Every structure is written in structure tokens, then in C-alpha cells.
Amino acid sequence: MSNASSASPASSASEKKPAAQTNRNFGGLIAILIAIVIGVLVGVFYGRQMWLASGEVVHYRDQLEKTFDQKEEFAKEAEAEAEAATDADQRERLLQRAERLRSHKPIIQERIEEIEALEAKAEKDKDSAAFQFAGIFAILTEFVGDIFLQVLKLLVIPLVVTSMICGITSLGDIRKIGRMGGWTIGYYVLTMAVAVFIGIALVTVIEPGKQADDTFSYVKPSVQDKEGTGIVETLLNVFRGREGDDGGGMFPSNIFQAATNTNVLALIVFAIIFGGALTTVGEKGATAIAFFEGANEAVMKMVHLVMLFAPVGIYGLVAWNIAKNGGGEAFYEEIRKLGWYVATVLIGLSLHVVFLCFLLTVLGRRNPFAYVLGILRALLTAMTTASSSATLPVTIECVEDNNGVSNRSASFVAPLGATVNMDGTALYEAVAVIFIAQSIGMQLPLAKLVVIFFTATLAAVGAAGIPEAGLVTMVIVLQAAGVPISGIGTILAIDWFLDRMRTTVNVCGDAIGCAIVDERVVKSEG
Ligand code: ASP
């Protein structure tokens, strides 16, 4: 049966936007911008007090202590490798590495003492009203950010399932999925490839790794665990899931377990097949389709409700993130140490956005300024949550309500994009891996750059739309290029910031993809 006419209530409603709604959206956007400014100011100027009063400082000291031990551990490993090495040059290099790692230890020790002094002072001040206030303020700031993020995440599963099923059933004839799927995948592949190319070109020209300071570099256990997983195995696991994980992979054995693990890709695959099947069972399917359409509308209403709370939540996320990383002082220090690296990533991401806008103009026949203004709320949410998945409800809301993209395109391209289309992550992974190689003086021949090109794209596809996922899948790229994974420690301290930037570009890519597919597939069908 055909549902093409009945399935896009949102799209018809969105084409003519009432003036009151436009004003409300604009007001909401201004409120979010103000919230971000306040969040940054609080985080930068008051973050250090919040950091001390909330006890977060203890985690930092812990990490410094672990870094201290890890330096010794890596130095010993390098010495053991040197002993086993047959090549004299390689032995020399490994011994130098061990020596360099040990030379970091006194500097780390000095920092630990500084932090201990700060903690001792905090202990003395702990009964003062200012200290107590900073503690309560930190807890409340963290709370409002957490609750906003949690509620957004809460909506992701119902939204993905209902919108995907509606998107598929609205195609009417399941064979039409080929055209939409073709354009969507083609767009994802093209944009990710361009993103990686921009990243490789920039990092090779700017060479930020030559001035890198890796004294405080630390490798997280989650990254170490990934070591040893081969590329083929990792890719196969995208389909099958890891052994013993019933909810993992594209085809999990338990769909509820997949939902529990927020395995969005599995839910998308299930919803596509389920939606397709519904369109083939005639009248009997109509009731189920109507149910999912109603459910989808209701979930979108809930998204609108959550967005009323966005300015407060976004303030909390911004201020707390800066504060828990040590406040303005710590941020400046990281920027000072890794400034060129940060600049390379940011320039690359900006160039990529220009490319996306170009595609939007040529293929999507849209004014990029107006379009980006329409999705600004989603971009700011991405920047503050560092999660494409958590931003998904806002992305769909913005492209449909503000930019008039049909529900058919948005409900297919956006959820799939939030899981597999990660332009920012792909660019970032390529830059980061080459940066790490440069920082340890490793030359990468052209063949290795080609390997990085392909693996960075695949690693980005494999990264989930959650914070810091790209950092973990980067291990695949490092291994493929033969760059030591311990190098990740150098970029760890600033990753929380770059994660936000690349997630914004990931979401921008998804949102622009919606307009292009809409123009090329839905509108061309009339
Ligand atoms: N945080 C990113 C996202 O959700 C993924 C990444 O870590 O690059 O899109």
C-alpha cells in the first residue's frame, strides 16, 4: 500500500512556518547563545574554585600519579624492546625514548606537589562561606547539565525507532529506498573522504607535531584495551558485535539489549527492515503505521518541551566542562602546549564546513547562510553535548521545522548520519594520527598516508555518536599506520574541547545531507 501522502504531516506543516513560531525559535536561539557565553565566563573565571571545591581536583591528582607510573612502565617497555632489537639504530632510538620518558617524571612530580599544595589550601578554606558556595554552585551546575543531557539521550531510542519506521513507510514503495539510500550513502562517502583529505593535507603542511609537548601525556585504559584488535576483526564486529555482547553489532541477537546499550545502528537496521515489511502487508499494516506516525509526532512534541529547558542545560554543560578540567588556567595551558595542533584541527573543520556549504548550494539549491542559521540550535547543542546521538532530536527538529526539509528525508538521513556520517571525526582522526607520528619524529611515506586515508574514514564510520568515541576508534588508524598508540596520551588533555568541535561538524554534515537528499530524491519525485 502507499503511504506517501499520509506520512509527512511534519513536512507539510513545516513548509509554511507561522511567524509566532519563527520568533519563538529565534528567541530560543538567542537564549542558548547567551547561556553559552555565561557558561564560558563562569567556567573560565570561576571554574578553578568550582574544581577545587567540588573535589574534582582529586581526579586530576590521581591521573598525574598514574601518568608518573605509566612513564616508568613505558620506559621499561622501551628498554626491553631495545634489548631484543637487532638493528642498532632502532635500539638507539628506543633507548632515547626510554630516557625521554624518564626525563618527564621530575616535571610531573613537581606538578603533583603543586596540586597537593592547592588541595591543602582548599582543606584549610573548606569551612569558609566562599568555598561552600563554590561547592554548591558546582554541584548545581553539573546537575542542570547532566539532566539536560540525560533527557536528550532518553529521547534518542524512541525517536530513532519511530522516525526511521515513518521515514521508510512514507516511501510508499520499499523499492524507492534504493534511490534515497544511494544518494545518502554517496553523500556520506564523498564528504568523509573530502574531510580526511583536508585533514591530511593541512597537518602535512602545518606540521604541528614538530612543536608538541608530551610531558603530561597519559594513555587511558579504555584506549589500551583496544590494542591488539585487528582492523578486519574490528570491521567484522561492526556487523556481528563483540563476542559475548548480545546487543552489539548491526545484527544483534537481542534487540532490547541493543536498545539498552544505545546501539543506534542496530535499531536503524531493524527499523528499516521492519518498516519495509509493514509496507508489504497491505491493510493490516496500516494500523501499525498510523501508530508509529502518532508516536513519532508525540516524541517530537517532547523534543520541543525539552528544548525549552535547553539554555539552562547548555549553560551547565559548558560551565561544568571547563570547570572540571581545571578552569580557565588549565585550558590556557593546554592551548599553549598544543596550540598548533588545535589550530590545525579547527582550520580543517572550518574548511570542511565551507565545502559542505558549497555542496548545499550546488546540490541542495539552498542558501547556506539561511540554512545554517536554521540549524544553529542543533550545532550549539552538538557543541555542548559532544554527542551526535544526543543531538539527534534537535537536528531533526531544526531541519524539519526551521528549514522545511521533508519528514521523509530527515527521518532517514539524520538518524543514519548521527551514527555513521562523521566528517569531523574522520578529519580529526587523520590529523591526530599524523600529528602523533610527527611528535615522535616518525616519517610517514605516501603509502602510509593512503592507509590513514582509508582507515580514518572507516574508524569514523565505526565511532558511535557519543563523547570521545573517536578517540577510541583512532587506535585502528594508529595500528594500521604503525604509529605507537601511547602517543594518544599527548592529545588526551585537549580532546574534550576538540570533541565538541568535531561533533558540531558531524551534525552539520548530517543536517546538510538532509537538504541535499531532499532536493535530489524527494523533490525531484514531485
Ligand atoms: N563525539 C562525536 C560524535 O558524537 C564522536 C567522536 O568522538 O568523534 O559525533
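None of the values given here were measured: they were computed from a predicted structure. Indexing begins at 1, ligand by ligand and atom by atom, following the structure's order.
Ligand-side atoms of ligand 1 in range of T425: 5 (C), 6 (C), 8 (O), range being under 4.0 angstrom from any heavy atom. Heavy-atom proximity to S387, at under 4.0 Å, picks out these atoms of ligand 1: 4 (O). When each atom of ligand 1 is checked for a heavy atom of A464 under 4.0 Å away, the hits are 5 (C).
Residue contacts with ligand 1, taken as heavy atom pairs separated by less than 4.0 Å, do not involve S389 at all. Here E468 has backbone heavy atoms under 4.0 Å from ligand 1, and that is the only part of it that gets that close.
Atom 9 (O) of ligand 1 has as its closest protein heavy atom S388 OG, 2.4 Å. In terms of protein heavy-atom proximity, atom 7 (O) of ligand 1 is closest to G470 N, 2.7 Å.
Aromatic ring centres of Y60 and W51: separated by under 6.0 Å.
With contacts defined as side-chain heavy-atom distances shorter than 4.5 Å, the pair L152/V156 does not qualify.
Checking Y428 against D495 by side-chain atom types alone, a donor-acceptor pair falls below 3.5 Å. No side-chain donor-acceptor contact under 3.5 Å links T503 and S388.
Under a 4.0 angstrom heavy-atom cut-off, G424 registers as lying outside contact with ligand 1. Look at A386 and you'll find a heavy atom under 4.0 Å from some atom of ligand 1.
The shortest N/O to N/O separation between M422 and ligand 1 does not fall below 3.5 Å. At a 3.5 angstrom cut-off on N or O pairs, I466 counts as close to ligand 1.
Taking the six-membered ring where tryptophan is involved, the planes of F239 and F251 are essentially parallel, since the angle between them stays under 30° and well short of 60°. Aromatic ring orientation, F270 versus F274: parallel (interplanar angle below 30°, classes split at 30° and 60°).
With hydrogens and angles ignored, the 3.5 Å screen pairs a side-chain donor or acceptor of D499 with a backbone N or O of E468.
Distances from atom 2 (C) of ligand 1 to the heavy atoms of D423, T503, L427, L471 put T503 nearest.
Annotation: the span from I375 atom CD1 to C398 atom SG amounts to 7.5 Å, rounded to 0.5 Å.
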